Undergrad: 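One structure coming up, written as C-alpha cells, with questions to follow.
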Amino acid sequence: MRVTNQYIASIFAEIADLLDIAGENPFRVRAYRNAARTILSSSKNMADLVEEGFDLTTLRGIGKELSQKIIEIVQTGELSFLKRLKASSSPELETLLRIPGLGPRRVQQLHKELHINSLQDLKKALQKGDVEKLPGFGPKLIESIAKGLEEKTYEEKRYRLFEADPVAKEIIKSLKRSHRLLSIEIAGSIRRRRETVHDIDIVASCEAGSDMMDRFTTLQEVDKIIMKGPTRSSVTLKSGIQVDLRVVPKDAYGAALHHFTGSKAHNIALRKMAVKRGLKINEYGIFKADKRIAGKKEADIYKNLGLDYIEPEMRENRGEILLAGEHRLPRLIEEGEIRGDLHIHTTDSDGAGSLREMAMAAREKGYEYIAITDHTKHLTIAHGLDEKRVRKQLEVIDRLNEELEGITILKSAEVDILEDGRLDLPDTLLKELDLVVCAVHYKLKLSKKAQTRRILKAMEDPYFSILAHPTGRLIGLREPYEVDMEAVIKACTHRGCILELNAQPDRLDLTDIHCRMAKEAGVPIAISTDAHSVRDLDLMTYGIGQARRGWLEKSDVLNTKSLKELKKYLKKMRP
DNA sequence: GCCGTTTTCGGCCCGACTGTTTTCAGTCG
C-alpha cells in the first residue's frame, strides 16, 4: 500500500499539535507545520520520490530530520516518533485546540492542572466549576468554551465556493451603501478561487467617519458578532459562515487586499523575502526603516520585491514566487479565451434543455462550437441513449448544423466505461462521432488497482478522446474514487487522450494539483461545464478558476482552439 | 527543526482584538 502525500502531511500536522501542547520550541512546531504544507501542495508524490532516491532535503522546509521521517513513513506506513509522542501524551488533546479560545497554552494548562484529556473531561470539569478556578479563565472565556463544545465548532466546516461566493457578493452589495466608502473587494480564499472556503474575507477603505463597521455588524444576515473593532470585525451569519471585514486607509488598501487575500504560506514567504532585503511587509504597506514605500496598489508589493505581479489563484507558495522573480510566470487562461463547451446534455438523456436550446444559448455566449454528450444506454437512470437513439440524434444534429448560423454542434456522447473497461457503444458507432467523452458512473468502489486498470483499458479504445470527471468526486458529499492519477496521466501522454476539468462547482475534478501534473506531462485539458440546462453553461467560470489555480494557460486547454484547429486536432487523434 | 551572497549559530512574519489584567499573554487570521 503506497502512502499518499495527504497521509504524510497529516502525520506532521498531528506532531505539530502535540509538540505545541507539550510546550515545545514554537519554531520546531512551525517547522512541522511548514513541512506538512510543502508536502500537501507538492505535485510530486513523496512515495515516488523516495523510491527514486530523490534528495528530499532539496524541498523547501524539509531538512535531514524530516527527510528521514518521510522515508520511514513511506517504507513502513507509520512513524515511530509519532507513536512515542502519542504514548507519552493524550492524543485527544488535539481536538481541544479546535475550540475557539483554546490554544496550546490553555490546553496545556487544562491538562496539567485538571488532568483533562478529552472533550468529555472538559465538559465534566466545566459542569463541576473547576475550570473557572484556573488563573486566566474568566467568565467570557468559559462561556466561549462552553459554546464551542455545545456547537461542535471543533468540527471545522468548509463551504463550497459556489455556496460562499454569492453570499459574499450580496454582503458587498449591502456594504456599498456605506457612507464615505472608497473601495471594497472580496479577498481570502474566495478571491483565490479555492474549491472550498472556511470564511468570507472582505477588505475595504473608507474616509474617516464612515458607518461601515456598524452597518456590517448589523446586517440582517448576522447571527452574532465575534469581535468588533475600528478597523477589523468578525461576525457569523445565520447560515453559520464567518465573515471578516477589514477597513484600512486608502493608502494601505492594496497592501491590505494583498494581506487578506493570502494564502498565509504565500504571504509568509514574501515577508521573509522582504526581511532579507531590509524591508518589512504588513497589511499597511511595504516599509523601509519605518518609512512606507508603497501600499496603495496591490501590484506595488510585488514590484518593490523585484517580482512580477502574481495572480491571486497562484498565491499558494507552490513555486510562483520563484517564477515571478525570473519573469517566467505563466499567463493564466481567461474565461474569454474559451471557444466552446465539450460536455453538454440535452432532454434526450437527463438534460433540461433541448438540443436547439443548448446550441442557441452557447451561441449567445459567443461560443463557436459545442459537443452534445448525452449519456449512453448503461446509465438507464439518466435515460441513456442506445445505438438507435444515438443515430437518430446524429441526424437531428446534421439538420440543425445546416440550419443554425454561428454555432457548430459536434457529435459526441458521454459514453459509460463498463466495469471491464469496455465502452458502452461499439466502435462502429463511435467512429461516426467527432469526439468521444468517456466516464465512470458505477462501481466507484473498485480497488485503486482495478479502477485504474478499468480506465486504462478504456483508453485503449482508438476512439476514446476525453476522460470526463476523472475522479468522480462530489465535494463534501462523495469522496473521489480511488485511481492512480499519475498512471492515468502517463497513459494520456502515450495514447493521446485528454483530461476533463469538470466545471460543475461541486465536482471540479481535476484538482488544482492534478491540473499541474497534467500540464507538466503535456496532457491537454478540456474545461467543460457538463451542462444539464442552459443556466449551467455559466458554470464555466468555476472551471476557469480551478484551471488558473492549476497554472493552466490558453495553450494547455483544448477548448480554446478555434473550430478549425479543434477539428484538425481531433482528426489527428483518430486511427 | 530549518536555513544561510553578512551567518553552521541564532535567528525564524506580522498585527488586531479579547479577556483578564494593571501592562500583556493568548488566540486568531
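Computed from a predicted structure; not experimentally measured. Chain identifiers are assigned alphabetically (A, B, ...) following the order of the sequence lines, protein sequences preceding nucleic acid strands; residue numbering begins at 1 within each chain.
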Undergrad: May I ask you to check whether A:Tyr542 and A:Glu195 show a side-chain donor-acceptor distance below 3.5 Å?
TA: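 No, because no side-chain N or O of A:Tyr542 sits under 3.5 Å from a partner of the opposite role on A:Glu195.
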Undergrad: Within this structure, what is the CG-to-C1' distance between A:Leu245 and B:dG29, rounded to whole angstrom?
TA: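 Rounded to whole Å, this separation is 14 Å.
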Undergrad: Separation of A:Leu59 atom CG from B:dC3 atom P, in whole Å?
TA: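 For the pair A:Leu59 CG and B:dC3 P, the rounded distance is 9 Å.
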Undergrad: Does any N or O in the side chain of A:Tyr7 come within less than 3.5 Å of the main-chain N or O of A:Gly77, such that one atom is a donor and the other an acceptor?
TA: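 Checked: pair present.
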Undergrad: Could you please name the option among B:dA16, B:dC12, B:dC28 that lies closest to any side-chain atom of A:Tyr284?
TA: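 Out of B:dA16, B:dC12, B:dC28, the nucleotide with an atom closest to A:Tyr284's side chain is B:dA16.
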Undergrad: When you check the phosphate oxygens OP1 and OP2 of B:dG15, does a side-chain N or O of A:Lys280 lie under 4.0 Å from one of them?
TA: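 Affirmative; the distance criterion is met.
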Undergrad: Restricting to non-hydrogen atoms, name the atom on A:Ile527 and the atom on A:Ala547 that form the minimum distance, rounded to 0.1 Å.
TA: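 It is CD1-CB, 3.6 Å.
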Undergrad: Just to be sure I understand the rule, does A:Pro104 reach a base, reach only the sugar-phosphate, or reach nothing, if contact means heavy atoms closer than 4.0 Å?
TA: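 Since only primed, P, OP1 and OP2 atoms lie under 4.0 Å of A:Pro104, the category is sugar-phosphate.
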Undergrad: Does A:Thr231 place a side-chain N or O at less than 4.0 Å from the phosphate oxygens OP1/OP2 of B:dC17?
TA: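 Result: yes.
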Undergrad: Can you identify which nucleotide, out of B:dG19, B:dG29, B:dG1, has its nearest atom closest to the A:Gln242 side chain?
TA: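 It is B:dG29.
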Undergrad: Look at the side chain of A:Arg106 and decide which nucleotide, out of B:dT27, B:dG15, B:dG29, has an atom nearest to it.
TA: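 Nearest to the side chain of A:Arg106 among the choices is B:dT27.
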Undergrad: Can a side chain N or O of A:Arg28 be found less than 4.0 Å away from OP1 or OP2 on B:dG1?
TA: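 Yes, within the criterion.
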Undergrad: Let's see if you can work this out: which of B:dG29, B:dG1, B:dA16 has an atom nearest to the side-chain heavy atoms of A:Phe27?
TA: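 Output: B:dG1.
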Undergrad: Base, sugar-phosphate or nothing for A:Gly101? Non-hydrogen atoms, less than 4.0 Å.
TA: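 Counting heavy atoms under 4.0 Å across all strands, the contact made by A:Gly101 is with sugar-phosphate only.
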Undergrad: Nearest-Å distance, CG (A:Asp199) to P (B:dT27)?
TA: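 Checked: the CG to P distance equals 19 Å.
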Undergrad: From CE of A:Met227 over to P of B:dT18, roughly how many Å is that when rounded to an integer?
TA: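 Going from A:Met227 (CE) to B:dT18 (P), I get 6 Å.
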Undergrad: Salt-bridged, A:Glu65 to A:Lys69, with N to O below 4.0 Å?
TA: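 A salt bridge is present here (some side-chain N lies under 4.0 Å from a carboxylate O).
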Undergrad: Hey, which sits more toward the 5' end of DNA chain B by its nearest nucleotide, A:Leu97 or A:Leu141?
TA: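 Of the two residues, A:Leu141 wins.
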Undergrad: Taking only N and O in the side chain of A:Lys69, is any of them less than 4.0 Å away from OP1 or OP2 of B:dG1?
TA: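 Yes, A:Lys69 has a side-chain N/O under 4.0 Å of OP1/OP2 on B:dG1.
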Undergrad: Nearest-Å distance, CG (A:Leu102) to C1' (B:dT18)?
TA: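 After rounding, the reported distance stands at 14 Å.
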Undergrad: Can you tell me how far CG of A:Leu56 sits from CD1 of A:Ile62, rounded to the nearest 0.5 angstrom?
TA: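 Answer rounded to 0.5 Å: 6.5 Å.
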Undergrad: Within the 3.5 Å criterion, strictly below it, is a donor on A:Arg194 or A:Ser189 matched to an acceptor on the partner's side chain?
TA: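 There is no such pair between these side chains.
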Undergrad: Would you kindly check whether a donor in the side chain of A:Asp201 faces an acceptor in the base of B:dG29, or vice versa, at under 3.5 angstrom?
TA: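 Side chain to base: no pair below 3.5 Å.
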Undergrad: Under 4.0 Å, counting only non-hydrogen atoms across every strand here, what does A:Tyr32 touch: a base, just sugar-phosphate, or nothing?
TA: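 Touches sugar-phosphate only.
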Undergrad: Tell me whether the count of non-hydrogen atoms from other residues, nucleotides or ligands lying under 6.0 Å of CD in A:Gln220 goes above 12.
TA: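 Count not over threshold, so no.
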Undergrad: Rounding to a whole Å, what distance do you find between A:Ile241:CD1 and B:dG29:C1'?
TA: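 Rounded to whole Å, this separation is 15 Å.
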Undergrad: Partner lookup for B:dT8, please. Criteria are Watson-Crick or G-U wobble with both distances under 3.5 angstrom; report none if nothing qualifies.
TA: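 Across all strands, not a single nucleotide pairs with B:dT8.
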Undergrad: Taking atom C1' in both B:dG11 and B:dT6, compute the distance separating them and give it to the nearest angstrom.
TA: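 Rounded to whole Å, the distance is 13 Å.
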Undergrad: Mind checking A:Leu19 for me? I need base, sugar-phosphate or nothing, with any heavy atom below 4.0 Å counting as a touch.
TA: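 No contact.
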Undergrad: Does A:Thr38 reach the main-chain N or O of A:Arg60 with its side chain, forming a donor-acceptor pair under 3.5 Å?
TA: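 Side chain of A:Thr38 to backbone of A:Arg60: a pair is present.
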Undergrad: Quick one: label A:Pro26 by what it contacts on the DNA or RNA (base, sugar-phosphate, nothing), any heavy atom closer than 4.0 Å.
TA: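 Since no nucleic acid heavy atom lies under 4.0 Å of A:Pro26, the category is nothing.
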Undergrad: Taking atom P in both B:dG29 and B:dT22, what distance in whole Å separates the two?
TA: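 The same atom, P, in both gives a distance of 27 Å.
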Undergrad: Using distance alone, with no hydrogens and no angle criterion, decide if A:His514 and A:Thr511 have a side-chain donor and acceptor under 3.5 Å apart.
TA: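 A:Thr511 and A:His514 do have a side-chain donor-acceptor pair below 3.5 Å.
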Undergrad: Let me know the distance between CZ of A:Arg315 and P of B:dG29, rounded to the nearest Å.
TA: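 Distance, rounded to whole Å: 20 Å.
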Undergrad: Could you check which of B:dG29, B:dT27, B:dC14 has an atom nearest any side-chain atom of A:His198?
TA: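 Closest of the options to the side chain of A:His198: B:dG29.
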Undergrad: Starting at atom CG of A:Leu56, determine the distance to atom C1' of B:dG1, rounded to an integer number of angstrom.
TA: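 Rounded to whole Å, this separation is 15 Å.
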Undergrad: Which comes earlier along DNA chain B counting from the 5' end, the contact point of A:Ile281 or that of A:Arg232, where each point is its nearest nucleotide?
TA: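 On the 5' side of the pair lies A:Ile281.
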Undergrad: How far does the C1' atom of B:dT21 sit from the matching atom of B:dG26, given to the nearest Å?
TA: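 These two C1' atoms come out 13 Å apart once rounded.
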Undergrad: What closest approach, in Å, do A:Lys519 and A:Asp556 show between heavy atoms, and which atom pair accounts for it?
TA: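 For A:Lys519 versus A:Asp556, the nearest heavy atoms are NZ-OD2, 2.7 Å.
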Undergrad: Sticking with atom C1', work out how far B:dT8 lies from B:dC2, rounded to a whole angstrom.
TA: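 Comparing C1' positions in B:dT8 and B:dC2 gives a spacing of 12 Å.
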Undergrad: Under a 4.0 Å heavy-atom cut-off, which of residues 107-114 of chain A touch DNA chain B?
TA: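 Listed by number, there are none.
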Undergrad: Taking the P atom of each, how far is B:dT7 from B:dG1, in whole Å?
TA: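 To the nearest whole Å, 26 Å.
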Undergrad: Could you tell me how far B:dG10 sits from B:dT18 if I compare only their C1' atoms? Round to whole Å.
TA: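 So the two C1' atoms sit 33 Å from each other.
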Undergrad: Touch check for A:Asn267, heavy atoms < 4.0 angstrom, all strands: base, sugar-phosphate only, or nothing?
TA: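 Touches nothing.
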Undergrad: Once you apply a heavy-atom cut-off of 4.0 Å, does A:Val275 come out as touching a base, just sugar-phosphate, or nothing?
TA: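 Result for A:Val275 = sugar-phosphate.
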